Structure formats: C-alpha cells, structure tokens
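Below: one structure, written as structure tokens.
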Amino acid sequence: SGLVVNEVVKSSPAEKAGVQAGDILLQLGGHPLPNAETLAGLIQNGPGKSFKIVLLRGGQPRTLAVTPEPRPKEIQASGEAVHGVNLLSR
C-alpha cells in the first residue's frame, strides 16, 4: 500500500526533498500512510519540523528528509495540497 504521487508542486517542500511523480509514499516520520488524510494530518502538525519520508521509486525503497513549510493564507483558503504533492487513488 502507500500513496502514489501523481504530480509534485514546483518549489514545494516535497520537490525540495526530491519527491518525484510516480513515487509511492510509504511512511512519514515512522507513520504508515494509508490515505491522504493521514499524510495531511501529520504535516499540519509539523511545519518547520523535518520528517523522514520512506518511499518506493522504481521498486526500490528510498528515504528522504522533508521539512513542511507553513502554508500561505491564499493556499489555506483554496484547500490546495499541504504537502506539495497531488496523489492518485490506489
């Protein structure tokens, strides 16, 4: 299981960490990621805090460090992704 990255938002924390489209996100900060709500909840509680993210890329596990940033108010109001990725349902 995991979350498939469909698109990475330019200049987002995810892009800065090296997350790429097609990656499958497995864990964030040691927590499994069964759905997008779990990912969003973990990130909302940690702006400015670095997390290890475990993902699969080309079938190979990788670990990256990502540091969520506080969202600008205009993005908060629009409901855009808090993590800098758009996800596909699996």
Side-chain angles (χ1 to χ4, degrees):
S1 83
L3 303 172
V4 179
V5 177
N6 183 46
E7 177 186 12
V8 180
V9 178
K10 190 159 182 64
S11 300
S12 68
E15 183 188 57
K16 292 173 187 174
V19 176
Q20 298 177 6
D23 287 347
I24 301 171
L25 308 181
L26 302 175
Q27 293 182 1
L28 180 70
H31 299 278
L33 298 173
N35 54 51
E37 292 78 18
T38 301
L39 176 62
L42 290 168
I43 289 174
Q44 284 179 338
N45 291 328
K49 176 182 173 187
S50 183
F51 291 97
K52 284 187 180 176
I53 189 162
V54 178
L55 55 85
L56 287 177
R57 181 178 295 155
Q60 298 298 313
R62 294 184 180 225
T63 301
L64 305 173
V66 62
T67 304
E69 299 169 354
R71 294 183 293 162
K73 291 199 184 320
E74 64 273 9
I75 292 176
Q76 289 178 20
S78 74
E80 279 186 36
V82 296
H83 30 63
V85 295
N86 294 317
L87 303 169
L88 291 174
S89 298
R90 243 187 114 158

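All values reported here derive from a predicted model rather than from experimental measurement.
Atom-to-atom distance recorded for Leu3:CG and Asn35:CG is 7.0 Å, nearest 0.5 angstrom. Between the CG atom in Leu64 and the CG atom in Leu28 there is a gap of 11.0 Å [rounded to 0.5 Å]. The distance from atom CG of Leu33 to atom CD1 of Ile53, rounded to the nearest 0.5 Å, is 6.5 Å.
The side-chain heavy atoms of Leu25 and Leu39, taken from C-beta on, include a pair separated by under 4.5 Å. Between Pro13 and Thr67 the shortest side-chain heavy-atom distance does not fall below 4.5 Å. Counting only heavy atoms from C-beta outward, the side chains of Val66 and Ile43 never approach each other to under 4.5 Å. Side chains of Val4 and Ile24 form a contact here, defined as non-hydrogen atoms less than 4.5 Å apart.
Not counting sequence neighbours, the partners of Gln20 by the side-chain contact (heavy atoms from CB on, under 4.5 Å) test are Asp23, Arg57.
Of all heavy-atom pairs between Leu42 and Phe51, the closest is O-CZ, 3.8 Å.
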